[in-house]
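Working notes for the structure below.
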Amino acid sequence: MNDILIDMEAKEQWINETMESLNGLNRARADQSLLHDLLGRIDRNERKTVTLRTGTLMRIAAGIVILVALNIISILFYDHLNSSEQTNRKLVATEYFSYLDTIKY
């Protein structure tokens, strides 16, 4: 218990020393020219236009087409696997519970 109190006192002393070391410090101020440039851009409402080369645009379009095609193929393949898996499950269930058909009530 004593060790905890000593640790807490040491931490509190460290915090107080740190807070006291901040006394007398001022906020950093931005250069006036930077502020002037930013306000000028806001007032002029400048917009940058990004241009892409035709080759870059074609590569992006081809990438999107490939991704869409892969998604469609994976969906169709998943549906095919899913339907054959359900068929297998039904077959196993039918075989497993086939003895119930022979029981007469």
Side-chain angles (χ1 to χ4, degrees):
M1 182 74 172
N2 243 356
D3 292 339
I4 295 173
L5 289 176
I6 292 172
D7 286 343
M8 291 298 289
E9 289 174 1
K11 286 181 182 179
E12 190 171 328
Q13 182 182 359
W14 177 76
I15 291 171
N16 288 334
E17 288 173 1
T18 304
M19 293 301 288
E20 287 175 11
S21 71
L22 297 175
N23 290 341
L25 295 179
N26 294 327
R27 282 188 169 195
R29 296 198 180 264
D31 188 19
Q32 287 297 324
S33 63
L34 176 64
L35 180 63
H36 182 7
D37 290 346
L38 289 175
L39 292 176
R41 287 182 185 177
I42 291 172
D43 288 342
R44 289 188 304 257
N45 197 11
E46 287 182 2
R47 295 182 185 193
K48 290 187 177 180
T49 304
V50 178
T51 57
L52 295 175
R53 294 181 186 165
T54 306
T56 305
L57 189 61
M58 295 302 269
R59 287 181 186 151
I60 293 171
I64 291 172
V65 167
I66 289 171
L67 286 175
V68 169
L70 285 174
N71 280 330
I72 291 171
I73 290 169
S74 65
I75 288 170
L76 294 174
F77 188 65
Y78 178 77
D79 284 345
H80 175 70
L81 282 179
N82 199 16
S83 64
S84 65
E85 184 178 313
Q86 285 181 354
T87 305
N88 289 340
R89 285 183 185 170
K90 288 178 184 176
L91 182 62
V92 169
T94 303
E95 291 295 321
Y96 186 75
F97 294 109
S98 63
Y99 71 91
L100 292 175
D101 293 337
T102 59
I103 298 176
K104 296 187 180 181
Y105 298 103

Checklist entry - Counting only heavy atoms not in E17, do more than 12 fall under 6.0 Å of its CD? => result yes
Please output the side-chain donor-acceptor pairs of residues 51-73 that fall under 3.5 Å, not counting sequence neighbours, one pair per line with the distance.
from	atom 1	to	atom 2	distance (Å)
N71	ND2	L67	O	3.3

Donor-acceptor pairs are to be reported for all side-chain atoms of residues 30-37 against protein atoms at under 3.5 Å, with residues two or more places apart or in another chain.
from	atom 1	to	atom 2	distance (Å)
D31	OD2	S33	OG	2.8

